[in-house]
Structures are given as C-alpha cells and as structure tokens.
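Here's the structure we're looking at; comments come further down.
First listed ligand is number 1; within each ligand, the first listed atom is number 1. Only heavy atoms go into these numbers, but all of them, side chains included; no hydrogens, no water, no symmetry mates. We number each residue from 1, following the sequence as shown.
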Amino acid sequence: MSRKLVTLDDFTIDQTRQFPKATGQLSSLLRDIGLACKIINKQVNKAGLVDIIGQFGATNIQGEEQMKLDVYADETLINVLKRSEDCAGIASEENDDFVAFDDEYSHNSKYVVLFDPLDGSSNIDVNAPIGTIFVIYKRVTPLGQAVTAEDFLQDGSKLMAAGYVIYGSSTMLVYATRLGVNGFTLEPSIGEFCLSHPNMQVKENGKIYSLNQGNTCKFETATQQFLDYCMEDNKDEGRPYSHRYIGSMVADLHRTLIKGGIFLYPADKKNKNGKLRLMYECNPMAFIIEAAGGMASTGTERVLDVNPTELHQRVPIYIGSKNMVQQALSYIVE
Ligand code: P6P
C-alpha cells in the first residue's frame, strides 16, 4: 500500500497549522524557493543539450569563473523572490552585496533569503551532483522600510529555516526548521516535490570521512592526526573508514545526512579560514545537520554561534555524525 502523496505545499501548510499564530508566510516563502529550484532543475537537467554549459566569461566576488548555469540560477532565484510576498531582500554568493527589494510591498515583508544558487558548479561539465543552498532569516529592522546589512549579518542560531535542493540522480529538496528535517523528491510527471524522507536523522556514528585529501600537505597537525585515525587498521573499531569526496558540498552533505559520516573542509597553512562560506554554505548545512541530531563546528566554536562580520566570510567546518566530529575536534583541543 503506497503512502499518501504529500506535496511540499501540503506539508508546509500542515506545519503552519501547528502554530495558531503562524501567518503562513514562511511556508509560502519555502514554496516560492521550491518553484525557483524547479525552474533551475529544468535547465540543469538539459545542460548538456543546450549551449548553457561552460564559462559565462565573468568572475564573481570570490574570483571564481562564473558558469552560465550559476548566473541563470542566481537570476531565477532573484526574480522569483522579488515577486514573493514574503521576501524583503536577498544575498547571494554570486552578488557582491545584498539586494534590498525597494518597493512598498517588499518593505513590509518579514523575511530575507541568502543563497548559493548553484553550489559545486565546477562539477556541471562532468554531470556530477550540484545544488542550491538557502537560509531564511526574519528581518531585524522595522517593517515599512528597505532591509539593511544587519538583516543579513545574523548568526546561524537565529535562522528560521535552512535547506538545499540537490540536482542528482533525482532532484530532492531537503529543509529544516526547529520542528525537524524533511526531504521531498521531485515527481516530474506532476512537477511537485513529494515527501519521501520524513523526519531525517543523522547517525551518531558513521564509517565515511569526506574531505579533499589532496590538501593533506597543507593541513594542520590536528587534521593530519584525525586522518591517520580514519585510515588506521583497527577492525575492532571498524576502521579504516571509507573515503568519499564528490567535491560538491550539497552532495557530500546529503550523503552524510543519509548514511552518516563526517565532512570536513578545515583551515590549512594557506587558507586560515578554510574555503567554504559561512552565511550560505556552512550555516545552512550546520542548521540542517544539528536539526537532524548531528554536530557542526569550525574547530573552535559551534558554526551557528559565529557572529558574522562580512557577507562572504569563510570558516573551517567539521560537520556530520556527532561522535566523529567530536573525535576530530579532540585532536584540535590536544
Ligand atoms: P575543493 C564547490 O566549489 C565548493 O564550494 C563546495 O561545494 C565543495 O565542497 C568545495 O568547494 C570543494 O572544494 O577545494 O575540494 O575543490
């Protein structure tokens, strides 16, 4: 007997009904983000067939070559959210500064959205999984005016919701609120995200470690000691662990959420803050993994406690199964 089909709309409306005072704006915003990602999905799925693959010929604030799909995804999200009743402004990996939607309606919208429109885009040409990552904050400035930088530079513990869409062998939307983490798989025949992974939980222990091992010569001693632990021949403790690394954060974290394990992008001798961005990569993944029972640290503090100073700042990250993250951190303490 197949389970009743529950769409993302059904689910978010049911969640809203659990809070009598809820206005449904957060649910409506999640549905808007889902719509934008369905539009992006359409292009991602046929990227090999149309002249949309390859370099856009520009670079973003990170100094990274912008792939055409990056720009398309960024513009799609901005256009959909600008028309949303509930979004007052956005910030994106692809845009130097935040964008305040400067119309009367948006001045009275309650939320701001930050996103990495197409994370892992260096994998587009090799057809590896890529994704859209997003967070939703309630604005801190008064309604009736345009949002300002302080509406965006909030620490992760103030997040209202966070999620990602992974464009892989299937297209899935996973999002977390304080009520938990739920996964929805896109059913193309009806164009709806349907509940497929209710109440996702990350295992306390795992057998997979995930990092770019090519950077080993640059790692600090503590990271090298944890790597030695993962690769140690200790059958009683289930080691050596398996090494898996896709090089697309959404895909590596999705596997970690489903199978357990640890993903790390640590600081190294060259990059004192690692590579991944706090606001729209590390915070959303930390919010999701913590809501699923896991752990996320920068090595010195909880990711969600970092007080942001810049929109595109980077932090090191150790994230996944609680016991594995604690094991990795134990070397840093020592
Ligand atoms: P490296 C993709 O470019 C990305 O931002 C993340 O999705 C991914 O985890 C990381 O960078 C991969 O970085 O240095 O291993 O190629």
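- Annotation: F11 is in aromatic contact with F184 [ring centroid separation under 6.0 Å].
- With V99 as the partner, the side-chain contact (heavy atoms from CB on, under 4.5 Å) test is satisfied by one option alone out of V147, I90, L81: I90.
- Ligand 1 is surrounded by D119, G120, N212, Y245, G247, S248, M249, F263, Y265, K275, L276, R277, E281, each with at least one heavy atom closer than 4.0 Å.
- In summary, R239 and E232 engage in a salt bridge, as defined by a charged side-chain N under 4.0 Å from a carboxylate O.
- The main-chain N or O of T141 is found under 3.5 Å from a side-chain atom of D151 such that the two form a donor-acceptor pair.
- Qualifying side chain to side chain donor-acceptor pair (under 3.5 Å) partners for R244, counting only residues two or more places apart in sequence or in other chains: none.
- With respect to K269 and E220, no salt bridge is recorded, no charged nitrogen being found less than 4.0 Å from a carboxylate O.
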